[in-house]
A.B. asks: 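Right, I'll just put the structure down here and ask away after.
Quick caveat, the model's predicted, so the values are computed rather than measured. The figures that follow rest on heavy atoms only: side chains count, while hydrogens, waters and symmetry mates do not.
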Amino acid sequence: MKKRSKPAPRKTRLDAQRNRERILEVAKDAFTRRGAEASLDDIAKEAGVGPGTLYRHFPTRDALIEAVYHTEVAKLAAAQRELSAKLPPVEALRAWMLLFVDYIAAKHIIAPALNTLVGGPSKLYESSRSQIQGAIDTLVKRAIESGDVRKDLVPFDLLRALIGVSNVATAPEWKQSAKRLVDILITGSRPAN
């Protein structure tokens, strides 16, 4: 008896992929401006697609909110690879940390929408933690190997410092302060002569 093989998964059509990306872009902006209750029909309209297209990609509001968050985390993880390919190790680390500050800012803005998820956002945050940790670990390892930073630098300490400053995000200048902190952290991470 001949075994049936599973058909190869269909490749997403280019226009379908563009629609999905556009929906995510518009949704992030809508959730930022109007909160979790932003109209999905308005999001579809602003993205230039019909409601059916939006629901085909994201069957529920929670699915769309989660996809927006996952997309932001994936962009941050991909940035590590891109920056490592084109910048010296310590500059790649600095540039990624500045992007991490932007990620924290976006997370603060979309947090009210994330908090509406059934069961809360903690599972979502947990799933992103390994991607973010992997990115900073790789960048720090590269910078240590190049001799640009101290050998005893703990990657998570850098994140912890940036996350700490973001906890005072109610102050309008917190983001500028966090970006200055990146330079302070990089300077403080240099090997002692």
Side-chain angles (χ1 to χ4, degrees), residues 8-83 85-86 92 95-136 159 162-163 165-179 182:
R10 282 180 46 183
K11 209 173 184 180
T12 305
R13 290 185 351 237
L14 194 55
D15 62 328
Q17 183 60 34
R18 277 194 298 263
N19 285 343
R20 184 179 195 287
E21 290 168 3
R22 182 73 184 128
I23 292 167
L24 288 169
E25 216 175 277
V26 170
K28 178 185 171 196
D29 183 55
F31 293 140
T32 299
R33 286 184 290 120
R34 294 175 278 213
E37 295 309 312
S39 163
L40 297 186
D41 287 340
D42 288 349
I43 290 171
K45 187 176 180 179
E46 288 176 43
V49 300
T53 299
L54 183 141
Y55 288 107
R56 203 170 17 264
H57 288 285
F58 309 103
T60 65
R61 178 178 302 278
D62 282 1
L64 181 56
I65 292 169
E66 287 181 33
V68 166
Y69 181 75
H70 281 300
T71 299
E72 293 306 302
V73 171
K75 285 179 187 175
L76 191 59
Q80 173 267 312
R81 294 183 293 278
E82 294 163 14
L83 294 168
K86 68 181 183 181
W96 188 88
M97 289 172 65
L98 290 170
L99 288 175
F100 184 73
V101 171
D102 292 337
Y103 159 79
I104 292 171
K107 186 175 167 186
H108 277 298
I109 290 168
I110 201 168
L114 293 171
N115 288 330
T116 68
L117 295 175
V118 175
S122 57
K123 279 188 178 181
L124 195 58
Y125 293 157
E126 284 296 316
S127 70
S128 65
R129 183 182 210 145
S130 65
Q131 285 181 287
I132 292 169
Q133 186 69 49
I136 190 83
L159 293 182
L162 293 175
I163 291 167
V165 81
S166 78
N167 284 330
V168 293
T170 53
E173 70 284 347
W174 84 266
K175 193 171 173 184
Q176 293 80 15
S177 177
K179 289 188 176 201
V182 167

A.B. asks: Apply the side-chain contact (heavy atoms from CB on, under 4.5 Å) test between Phe100 and each candidate in Ile136, Ile163, Val182; give the one that qualifies.
C.D. replies: Ile163
A.B. asks: Output the distance between atom NE2 (His57) and atom CD1 (Ile23), rounded to the nearest 0.5 Å.
C.D. replies: 5.0 Å
A.B. asks: What I want to find out is whether Arg22 reaches Glu25 closely enough, with some N-O distance under 4.0 Å, to be called a salt bridge.
C.D. replies: yes
A.B. asks: Quick one: does any side-chain atom of Arg61 pair with a main-chain N or O of Ala38 as donor and acceptor, under 3.5 Å?
C.D. replies: yes
A.B. asks: In chain order, what residues pass the side-chain hydrogen bond (donor to acceptor under 3.5 Å, both in side chains) check against Gln131, with sequence neighbours excluded?
C.D. replies: none
A.B. asks: Rounded to the nearest 0.5 Å, how far does CG of Leu76 lie from CG of Leu99?
C.D. replies: 6.5 Å
A.B. asks: Kindly give the heavy-atom pair with the smallest separation between Leu83 and Ala92, and that separation in Å.
C.D. replies: O-CB, 3.6 Å
A.B. asks: Could you tell me if the side chain of Phe58 sits less than 4.5 Å from the side chain of Glu66, heavy atoms only?
C.D. replies: no
A.B. asks: Supply the atom-to-atom distance Arg34 CZ to Asp42 CG, rounded to the nearest 0.5 angstrom.
C.D. replies: 5.5 Å
A.B. asks: Determine the minimum heavy-atom distance between Val73 and Ser128, stating which atoms define it.
C.D. replies: CG2-CB, 3.5 Å
A.B. asks: Write down the atom of Leu24, the atom of Val68, and the distance for their closest heavy-atom approach.
C.D. replies: CD2-N, 3.7 Å
A.B. asks: For the residue pair Ile104 and Leu162, what are the closest heavy atoms and their distance?
C.D. replies: CD1-O, 3.9 Å
A.B. asks: Could you tell me whether Lys179 and Asp102 have a side-chain N and a carboxylate O separated by less than 4.0 Å?
C.D. replies: yes
A.B. asks: Of the non-hydrogen atoms in Leu54 and Val49, which two are nearest, and what is the gap between them?
C.D. replies: N-CG2, 4.5 Å
A.B. asks: Does a side-chain heavy-atom distance below 4.5 Å link Met97 with Val101?
C.D. replies: no
A.B. asks: Minimum heavy-atom separation for Trp96 and Ala135, please, with both atom names.
C.D. replies: CZ2-CB, 3.7 Å
